[in-house]
There are 2 protein chains.
Amino acid sequence: MSCLATLKENGFKITPQRKLIADFFHDAESHLTAEEIIAHVHEKMPGVNKSTIYRNLDIFEHLGCVLKSESGDRVIYHHTEEGHHHHLVCVKCGKSMDCDEMLFRPVEKTLRDKYNFRVDFKHQVISGLCENCYKQP
Amino acid sequence: MSCLATLKENGFKITPQRKLIADFFHDAESHLTAEEIIAHVHEKMPGVNKSTIYRNLDIFEHLGCVLKSESGDRVIYHHTEEGHHHHLVCVKCGKSMDCDEMLFRPVEKTLRDKYNFRVDFKHQVISGLCENCYKQP
DNA sequence: TGTATAATTGCAACCGGGTGCATTTACGAT
DNA sequence: ATCGTAAATGCACCCGGTTGCAATTATACA
Ligand SMILES: [Zn+2]
Ligand SMILES: [Zn+2]
Ligand SMILES: [Zn+2]
Ligand SMILES: [Zn+2]
């Protein structure tokens with residue numbers, strides 16, 4: 001379901017600012033950074049305040065339209081309609097690759113069975129070393 | 001080895017500000033937040049600038065005396081002499097429990113074998129639901 | 001279509017953390 | 001003990017993100 005429809009269904013108003021953000025997610029091929037989203041909104045509608053954008057990203061997140069992921073200083077927003085995956089980011093060369101969403105299933109099971117603790121690892125950004133950078137000292 | 005000895009060995013100077021931070025880690029039972037560290041330093045030596053404290057925490061981290069962990073808005077510093085573990089933090093009630101450091105070994109192995117990607121998960125702060133909060137809707 | 005009103009926005013100030021630069025200080029050499 | 005110097009500190013400012021509040025606006029309803 002579209003982000004705007006979800007907004008409406010949950011009693012939120014459809015504002016031009018929200019339309020811009022929702023459309024941008026809809027058109028995006030992949031995840032977006034806050035910076036990219038702000039730049040896009042400002043391009044189409046220069047006056048929009050950053051707090052408006054952040055507040056709306058929070059709303060989309062809580063409605064389940066968008067996933068927010070962070071690892072260290074990275075923050076990524078990810079349209080949930082795209083499907084799920086994790087990211088492997090090399091701390092040396094910066095290269096990034098996608099990774100199967102099942103990766104953390106064993107951890108989730110261990111936490112549930114041994115610790116009675118429920119976790120759902122969604123769209124993690126994982127820092128480490130790629131093959132090349134690992135081989136080179 | 002003591003944090004101060006490590007500083008000296010690596011050519012860093014022993015300043016009163018660094019002594020305060022190192023002693024605080026040494027006396028601490030468990031991990032510390034940046035807030036707690038700043039408060040402690042200010043108590044003993046009111047004029048110290050926050051940038052001095054953050055810079056020194058970075059140095060201790062790079063020397064391996066201290067681990068810095070983050071999950072969302074939480075930042076925790078952890079004296080490495082205490083041993084390693086992960087934290088399970090309930091997003092509803094805030095309760096926190098420690099968790100075995102081996103937890104992510106299967107994930108590390110999968111990443112190495114299938115993706116040629118090296119990760120060392122140290123002292124993660126994991127958000128989820130504890131048993132009580134999971135049962136209650 | 002016009003109006004009432006609650007939701008949303010813009011603003012200004014704030015927060016934790018980080019940085020460039022001038023001043024101060026720890027410490028090795030004398 | 002003094003001194004020279006590189007390293008460390010304090011300061012002032014920056015940055016991304018957040019918050020309280022007054023002004024604006026989308027919408028439900030008359
Ligand atoms: Zn993604
Ligand atoms: Zn790499
Ligand atoms: Zn800890
Ligand atoms: Zn709980």
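Chain letters run A, B, ... following the sequence lines, proteins first, then strands; residues in each count from 1.
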_Closest nucleotide among D/dC21, C/dG16, C/dT19 to the B/Y54 side chain_ = C/dG16
*Is it true that A/D23 and A/K19 have a side-chain N and a carboxylate O under 4.0 angstrom from each other?*
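Salt bridge: no.
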*Taking only Lys NZ, Arg NE, NH1 and NH2, and the carboxylate oxygens of Asp or Glu, determine whether A/E131 and B/R118 approach each other closer than 4.0 Å.*
yes
Can you check the [X] [atom1] to [N] [atom2] distance for me, whole Å?
X: A/N10; N: D/dT27; atom1: CG; atom2: P; answer: 14 Å
X: A/E70; N: D/dG16; atom1: CD; atom2: P; answer: 16 Å
X: B/I21; N: D/dA8; atom1: CD1; atom2: P; answer: 13 Å
X: A/I14; N: D/dA28; atom1: CD1; atom2: C1'; answer: 15 Å
X: B/I59; N: C/dG17; atom1: CD1; atom2: P; answer: 17 Å
X: A/N56; N: D/dT19; atom1: CG; atom2: P; answer: 14 Å
X: B/L4; N: C/dA26; atom1: CG; atom2: C1'; answer: 14 Å
X: A/F12; N: C/dT9; atom1: CZ; atom2: C1'; answer: 15 Å

*Contact class for B/K68 vs. all strands (heavy atom < 4.0 Å): base, sugar-phosphate, or nothing?*
sugar-phosphate
*Within a reach of under 6.0 Å around CE of A/M45, are more than 12 heavy atoms found that belong to other residues, nucleotides or ligands?*
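Count over threshold, so yes.
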Less than 4.0 angstrom between a side-chain N/O of [X] and OP1 or OP2 of [N], yes or no?
X: B/Q17; N: D/dG10; result: yes
X: B/R18; N: D/dT9; result: yes
X: B/R55; N: C/dG18; result: no
X: A/T15; N: C/dT9; result: yes

*Please collect all ring-ring contact (aromatic ring centres under 6.0 Å, His included) contacts where either partner lies in residues 40-62 of chain B, sequence neighbours excluded, each pair once.*
B/F24-B/H40
*What's the spacing between B/C130 SG and B/L88 CG if we round to 0.5 Å?*
10.5 Å
*Per the side-chain hydrogen bond (donor to acceptor under 3.5 Å, both in side chains) rule, which among A/H78, A/H31, A/Q124 passes with A/H87?*
A/H31
*What parts of residues 36-53 of chain B reach DNA chain D, counting only heavy atoms under 4.0 Å away?*
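Close to the strand are B/V48, B/N49, B/S51, B/T52.
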*Do A/H123 and A/H85 pass the ring-ring contact (aromatic ring centres under 6.0 Å, His included) test, and can you show the C-alpha distance, the side-chain angles, and the key distance before you say yes or no?*
CA-CA 5 Å; A/H123 200 258; A/H85 55 267; 4.7 Å; yes
*asked:* Assess the residue pair A/F121 and A/H86 against the criterion (ring-ring contact (aromatic ring centres under 6.0 Å, His included)); give the C-alpha distance rounded to whole Å, side-chain angles, the decisive distance to 0.1 Å, and a yes or no.
replied: CA-CA 9 Å; A/F121 287 99; A/H86 306 289; 7.8 Å; no
Quick one: which protein N/O atoms are closer than 3.5 Å to N/O atoms of nucleotides 2-6 of chain D? Pair and distance per line, please.
residue: D/dA6; atom: N3; partner: B/K13; partner atom: NZ; Å: 3.3

*Angle class for the B/H26/B/H79 ring planes (parallel below 30°, perpendicular above 60°, tilted otherwise)?*
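Rings of B/H26 and B/H79: perpendicular, over 60°.
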